[in-house]
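Encoded as structure tokens, the structure appears first; notes follow it.
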Amino acid sequence: MSFSEKKVEHVLRNVSAGVEALARQSGRELRRLTLAQTNSSVHGKVAEHSSRPRGLLYAATAVRAAAANQVGTVQVPENGQLALNPPLSAARSAALSTRSVHPRTLYLLNAIIRTVGGSVTVENPLAHLTKGEVCRAAIRAGLPLAVLAQSMSCGAPPRQRRGLPYDNCGVCFPCLVRRSGLLAGTGTDPTPYETTPRHPGLSSERSEHWHALRNWLGRDYTVFDLIGDVPLPPGTPAGNWLQVIESGREELRAMARWVESAGAA
């Protein structure tokens, strides 16, 4: 499943080509389904102008496609860090820290499927991996580093938002996690970012993600933080999820040290 956006179609095309090449090598059939990021109009009116429901739209469409083709499992691949997506501060909860692949979200989605008599199960195969571990696994599977560098993680893509020749801004939280993952998983980050977190000309609004991240990394993260914002599914042990967060925090700390050195100047 992928979204349709003319301004970043080159990104989707490059990544799809890389994944399709791997699929052919393993003998797997791959079919790309493309959706808009917002709901379609209903009776001439747009039901939702933002792209916030896109995670649910993608999952629901994948479930429908799986059911139609008698496939029992839908995989929604997201690293554990961003699946949990812990807010960097109390002020960054809700809309600033979406939970479309949070384990509780998938638990509730599966409960809905069962309630209406469905048999498809939605799961996240990367749930207990950090961003760096996912990047490392992609390289080991044969995905070229160039394809990873051409992918898009950004929460505010410059090409879409401001018509600039960059797909990743380099300073939003998803871009900061991207930086840490590529550095941890591959030892380098060849992504052509718009800017760096410590650029002297960066506005206070755009640098807030960096400062919030540094403050968060300086605090302890406990089980109370893990379940205080969004609870885990019933019976889920918290230990494994805490380990994912702490391992991800170590990757982020290493990235922060790199950024503050001459490496990101």
Side-chain angles (χ1 to χ4, degrees), residues 1-5 11-37 51-85 98-144 147-148 150-153 174 177-178 181-182 185 230 232-237 240-241 243-245 247-248:
M1 300 298 305
S2 65
F3 61 86
S4 176
E5 173 56 65
V11 175
L12 302 173
R13 186 170 55 249
N14 290 338
V15 173
S16 292
V19 174
E20 286 168 3
L22 288 181
R24 285 194 297 271
Q25 293 175 17
S26 63
R28 296 180 61 186
E29 179 185 355
L30 192 67
R31 187 185 312 168
R32 179 183 170 191
L33 301 179
T34 305
L35 291 178
Q37 294 196 70
S51 61
R52 290 175 184 170
R54 65 181 182 180
L56 180 59
L57 288 174
Y58 296 164
T61 302
V63 168
R64 181 179 180 183
N69 289 276
Q70 298 182 329
V71 175
T73 303
V74 165
Q75 294 187 332
V76 185
E78 178 66 276
N79 69 83
Q81 286 170 270
L82 290 183
L84 291 170
N85 205 11
T98 58
R99 305 302 200 292
S100 57
V101 196
H102 190 282
R104 186 170 183 85
T105 303
L106 299 188
Y107 165 78
L108 293 173
L109 179 57
N110 285 321
I112 292 173
I113 293 172
R114 298 293 175 269
T115 299
V116 298
S119 59
V120 175
T121 297
V122 182
E123 63 180 30
N124 178 5
L126 308 179
H128 294 297
L129 299 180
T130 65
K131 186 76 165 185
E133 290 167 340
V134 170
C135 290
R136 191 175 302 117
I139 294 296
R140 287 175 178 171
L143 194 68
V147 174
L148 285 180
Q150 293 166 356
S151 63
M152 187 174 73
S153 306
V177 175
R178 175 195 179 90
L182 283 169
V230 178
L232 294 171
T236 302
N240 290 342
W241 291 106
Q243 183 58 54
V244 172
I245 293 295
S247 296

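Here the structure is a predicted model, which is why all the values come from computation and not from measurement.
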Exercise. Does Gln81 use its side chain to pair, donor to acceptor, with the backbone of Lys131 at less than 3.5 Å?
Worked result: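 Yes; at least one donor-acceptor contact below 3.5 Å.
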For this session: Indicate yes or no for a side-chain donor-acceptor contact from Asn69 to the backbone of Val71 under 3.5 Å, with no hydrogens or angles considered.
Result: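 Checked: no pair found.
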For this session: With sequence neighbours left out, write down each residue that passes side chain to side chain contact (heavy atoms under 4.5 Å, CB included) with Ile139, or none if nothing qualifies.
Result: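 Ile139 satisfies side chain to side chain contact (heavy atoms under 4.5 Å, CB included) with Leu145, Leu148, Thr186 only.
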Check [X] against [Y] and note the closest heavy-atom contact, atom names and distance.
X      : Y      : answer
Leu129 : Val244 : O-CG1, 4.1 Å
Pro237 : Leu232 : O-CD1, 4.4 Å
Val74  : Ala66  : CG2-CB, 3.7 Å
Arg178 : Ser153 : NH1-OG, 2.9 Å
His128 : Glu133 : O-OE1, 4.0 Å
Cys135 : Gly185 : CB-CA, 4.3 Å

Nearest 0.5 Å, what's the [atom1]-[atom2] distance between [X] and [Y]?
X      : Y      : atom1 : atom2 : value
Gln150 : Arg13  : CD    : CZ    : 10.5 Å
Leu56  : Ile112 : CG    : CD1   : 7.5 Å
Asn85  : Ile245 : CG    : CD1   : 8.5 Å

Problem set entry | Distance-only side-chain donor-acceptor flag, Thr236 / Arg104, under 3.5 Å |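 Thr236 vs Arg104: no donor-acceptor pair found between side chains.
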Within the structure provided, determine whether [X] and [Y] are in side-chain contact (heavy-atom separation under 4.5 Å).
X      : Y      : result
Asn14  : Val147 : no
Pro103 : Trp241 : yes
Val120 : Leu109 : no

For this session: Write out all pairs satisfying side chain to side chain donor-acceptor pair (under 3.5 Å) with one or both partners inside residues 108-123, taking only residues at least two apart or from two chains.
Result: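 Of all non-adjacent pairs touching residues 108-123, those that pass side chain to side chain donor-acceptor pair (under 3.5 Å) are Gln75-Glu123, Arg114-Thr121.
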